[in-house]
Amino acid sequence: MSAAEGPLVVGVDTSTQSTKALVVDVATGRVVASGQAPHTVTSGAGRESDPRQWWDALTEALRQCGEAAHEAAAVSIGGQQHGLVTLDGHGEPVRPALLWNDVRSAPQASRLVEELGGAKFWAQRTGSLPTASFTVTKWAWLAEHEPDAVRATKSVRLPHDYLTERLTGQGTTDRGDASGTGWWASGTEAYDEEILAHVGLDPALLPRVVRPGEVAGTVRDGHDLPFSKGTLVACGTGDNAAAALGLGVRPGTPVMSLGTSGTVYAVSEHRPADPTGTVAGFADARGDWLPLACTLNCTLAVDRVAALLGLDREAVEPGRGVTLLPFLDGERTPNLPHSSGLLHGLRHDTTGGQLLQAAYDGAVYSLLAALDLVLDQDADPSAPLLLIGGGARGTAWQQTVRRLSGRPVQVPEAKELVALGAAAQAAGLLTGEDPAAVARRWGTARGPVLDAVERDEETLSRLAGVLSDAAPLLERAPGDS
């Protein structure tokens, strides 16, 4: 390892599929070491993971970083949002964690909206309408289906909280990840006692919400990680808020992330409250807000269609008549938790490449349909759309986003933006800087800009029409006649 110019920090991304760790030079933003280890997730409607494997993956990822991790002065963990981690009195998991893409709590989500004042109540109180992704609905599902697990639970955490607590011994979270639970009130920035009482969750089971820039704790003794005792630990945050930090996003800049899930978001100085439920009114990790729309089906769904067709993911062909809504895991935006994939307009002359392009179109359409609601009215409609995530470097993804958005598209060269954002947060503890300013100093958003092309209004109109006409079918729950 060549000599670093400044102190070193570690940024971690504990995602659905793996844990990644970066050791970053605070002075330059240079990544001096990295590591990664996989997770396992159950399939089907129930998506679960044992939290202990996240710790094992973190241990392995840091081992791969070598001596550089031992030299780090601070660490921060960004992680998948919404997951319900239930721990017993010894800090051990009561059961596997219910992940964000576990849609079994859709009935509980509907009931919670109905029982507690309707959509307007939730939007004003928490900034978001609870869907099957939100932690509050998962707790309600657990209470209904596994009451013994609820009785055994002595603390409730989010995925990044679990790892942070194992580092420090202190139960903490941050406003960004807390805002995705459904039991954190965005107006008062505190846990909502009325909602917690309604779902039977004692607030004493929840972690302390650490403020932006505040130290969550220090690394304690008795672990297998290469950190020195006393290494500073930042509060961490959810993956989208961490990526926004990693990009150094300023208010009004649109971001589209193409990963297991797809998201569009922008930093805003105004607290969002969308009663339609399309936009989640999340907090960011700095003190502003992060209105966001999320889809469950993005790169994995399109890759699955490519695999079914026996095609490379780039083997798309233009076509005007076929529509594919790739809602393979149910969907969150639009809120269709019971839906499945839908194909319309198939003809004798339809090619496999056209079907694959239709899958890309369907995935991107869902995200762009929410973008105008995510952005403030004063946002520049011609500003480049920052394209990030695993799909961002795919030519088919880039060209589909350009064609359907009509915007210029910028693809940052920096990779692992969630881990970089966590590293910027850790760096802020050492330097006193705004973590977003740290990321801008590091130049993380630099990358080529693809010019705008004329927006494909015909495809957008056709997708909107098919989605509207098929709504009764897509809304039907399994077993409904």
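Residues T126 and S128 bring no donor and acceptor atom of their side chains to less than 3.5 Å of each other. E475 and S339 form no side-chain donor-acceptor contact under 3.5 Å, judged by distance and modelled atom types alone. Side chain to side chain, T40 and Q53 meet the donor-acceptor criterion of an N or O pair below 3.5 Å. Remark: the H39 side chain and the T16 side chain contain no N/O donor-acceptor pair separated by less than 3.5 Å. With no hydrogens or angles considered, a side-chain donor-acceptor pair links T173 and D161 at under 3.5 Å. If you check the side chains of Q64 and Q36, you find no donor sitting under 3.5 Å from an acceptor.
Applying the ring-ring contact (aromatic ring centres under 6.0 Å, His included) definition to pairs two or more places apart or across chains, those involving residues 339-368 are Y360-W397.
If you take CG on L356 and CG on L324, they are separated by 9.5 Å, rounding to the nearest 0.5 Å. Taken from CZ in R313 to OG1 in T395, the straight-line distance is 11.5 Å, to the nearest 0.5 Å. The CD atom of Q124 sits 8.0 Å away from atom CZ of R271, with the distance rounded to the nearest 0.5 Å. For the atom pair S179 OG and D174 CG, the distance stands at 7.5 Å (nearest 0.5 Å). Here the CG-OG1 distance, from D192 to T181, works out to 9.5 Å after rounding to the nearest 0.5 Å.
Contact check on E413 versus R393 returns no salt bridge, with no Lys/Arg side-chain nitrogen under 4.0 Å from an Asp/Glu carboxylate oxygen. Residues R175 and D284 are paired through a salt bridge, judged by an N-O separation under 4.0 Å between the basic side chain and the carboxylate. Salt bridge E454/R403: absent, no basic N to carboxylate O contact under 4.0 Å. The residues R95 and D88 are annotated as not salt-bridged, no charged nitrogen and carboxylate oxygen being separated by less than 4.0 angstrom.
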ring-ring contact (aromatic ring centres under 6.0 Å, His included) between H198 and F121, intermediate numbers included: CA-CA 14 Å; H198 188 79; F121 167 92; 9.3 Å; no
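Not counting sequence neighbours, W55 has no partner by the ring-ring contact (aromatic ring centres under 6.0 Å, His included) test.
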